[in-house]
Amino acid sequence: MTLDGGDLTPLEGHRDLTSLDLGTTGPIDIAPLRTVPNLRGLDLSRADVRDVTVLADLPDLRYLSLTSRQWTVLLDEGKAPLTLAAARLADDDAPLDEALAWSARLGLDTRDALRTTGTLESDGR
């Protein structure tokens, strides 16, 4: 989908939109997403969002992907959507202690968290 000028207004009330992965080159207002009734998944990690606290007004959001900076603003303001079933910290270089602190702020128990590395290989089946 291409939106002229980065304006999300054409999406207002869009009944078929369930997921959106948004990247921007300039600041964007996500307020029009409040009216999208079936929006369940949202990735704003490549977007310059003017006010991420608007996300608290998306009552059916189940998946959210943000950068560490975006999550910090959202959590500091107490505006994380309560309906989330899955969340992603979209910083590939986030240190483990930062990722664990973020997880704890979302209410997850991180006491038994494990970090693994490796490669999955297929046996050809």
Side-chain angles (χ1 to χ4, degrees):
M1 177 178 305
T2 301
L3 300 174
D4 292 334
D7 179 14
L8 296 178
T9 304
L11 298 180
E12 286 183 338
H14 197 295
R15 296 206 149 309
D16 298 319
L17 182 63
T18 59
S19 181
L20 181 64
D21 182 345
L22 185 63
T24 65
T25 56
I28 192 159
D29 179 12
I30 60 170
L33 297 180
R34 289 177 174 146
T35 66
V36 179
N38 296 308
L39 187 62
R40 303 288 187 267
L42 188 56
D43 184 338
L44 297 174
S45 62
R46 297 177 303 106
D48 182 2
V49 179
R50 287 189 185 122
D51 181 8
V52 294
T53 64
V54 169
L55 295 170
D57 298 333
L58 303 180
D60 296 316
L61 198 60
R62 302 289 185 255
Y63 169 79
L64 181 60
S65 178
L66 300 173
T67 65
S68 176
R69 181 184 54 79
Q70 292 168 321
W71 276 113
T72 298
V73 170
L74 195 64
L75 293 170
D76 284 352
E77 295 292 325
K79 298 290 186 174
L82 300 175
T83 55
L84 292 180
R88 176 177 174 242
L89 179 61
D91 296 339
D92 291 335
D93 58 350
L96 179 60
D97 59 335
E98 183 179 316
L100 291 174
W102 166 76
S103 298
R105 289 192 72 189
L106 285 174
L108 300 173
D109 181 1
T110 61
R111 289 177 294 183
D112 295 326
L114 299 172
R115 181 178 188 159
T116 61
T117 60
T119 304
L120 291 175
E121 295 185 28
S122 172
D123 63 359
R125 291 185 219 181

Side-chain heavy-atom pair [X], [Y] within 4.5 angstrom cut-off:
X: Leu8; Y: Asp29; value: no
X: Asp43; Y: Arg88; value: yes
X: Arg105; Y: Asp76; value: yes
X: Asp91; Y: Ser45; value: no

Indicate the atoms forming the closest heavy-atom contact of [X] with [Y], along with that distance.
X: Ala99; Y: Leu89; answer: CA-CD2, 3.9 Å
X: Arg15; Y: Pro37; answer: NH1-CG, 2.9 Å
X: Val36; Y: Leu17; answer: CG1-O, 3.7 Å
X: Ala87; Y: Trp102; answer: O-CH2, 3.7 Å
X: Val54; Y: Ala31; answer: CG1-CA, 3.9 Å
X: Glu98; Y: Ala94; answer: OE2-CB, 4.1 Å

Q | Partner residues of Thr35 under the side chain to side chain contact (heavy atoms under 4.5 Å, CB included) criterion, sequence neighbours left out | A |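 Partners of Thr35 under the side chain to side chain contact (heavy atoms under 4.5 Å, CB included) test: Glu12.
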
Q. Would you find a donor on one side and an acceptor on the other, under 3.5 Å apart, between the side chain of Thr67 and the backbone of Gln70?
A.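 Looks like yes, one N/O pair under 3.5 Å.
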
(Q) Under the rule for salt bridge (Lys or Arg N to Asp or Glu O under 4.0 Å), what residues qualify as partners of Asp48, not counting sequence neighbours? (A)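 Applying salt bridge (Lys or Arg N to Asp or Glu O under 4.0 Å) to Asp48 gives none.
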
Spacing of [X] atom [atom1] and [Y] atom [atom2] [to the nearest 0.5 Å]:
X: Asn38; Y: His14; atom1: CG; atom2: NE2; result: 10.5 Å
X: Leu84; Y: Leu106; atom1: CG; atom2: CG; result: 7.5 Å
X: Thr24; Y: Arg46; atom1: OG1; atom2: CZ; result: 8.5 Å
X: Leu108; Y: Leu100; atom1: CG; atom2: CG; result: 10.0 Å

Throw together a table of side-chain donor-acceptor distances under 3.5 angstrom for residues 56-64, partners on residues two or more places apart or in other chains.
unit_1: Asp57; atom_1: OD2; unit_2: Arg34; atom_2: NE; d: 2.9
unit_1: Asp57; atom_1: OD2; unit_2: Arg34; atom_2: NH2; d: 3.0
unit_1: Arg62; atom_1: NH1; unit_2: Asp60; atom_2: O; d: 3.4

(Q) Take a 6.0 Å sphere around CG of Leu82 and say whether it holds more than 12 heavy atoms from other residues, nucleotides or ligands. (A)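 Result for CG/Leu82: open.
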
Q: Determine the sole option in Val49, Leu42, Thr72, Leu55 for which the side chain to side chain contact (heavy atoms under 4.5 Å, CB included) test with Leu66 is passed.
A: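 Considering Val49, Leu42, Thr72, Leu55, a side chain to side chain contact (heavy atoms under 4.5 Å, CB included) with Leu66 is found only for Leu55.
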
Q.
Checking Leu39 against Leu11 for the side-chain contact (heavy atoms from CB on, under 4.5 Å) test, could you report, in this order, the C-alpha distance in whole Å, the side-chain angles of both residues, the deciding distance, and whether it holds?
A. CA-CA 11 Å; Leu39 187 62; Leu11 298 180; over 6 Å; no

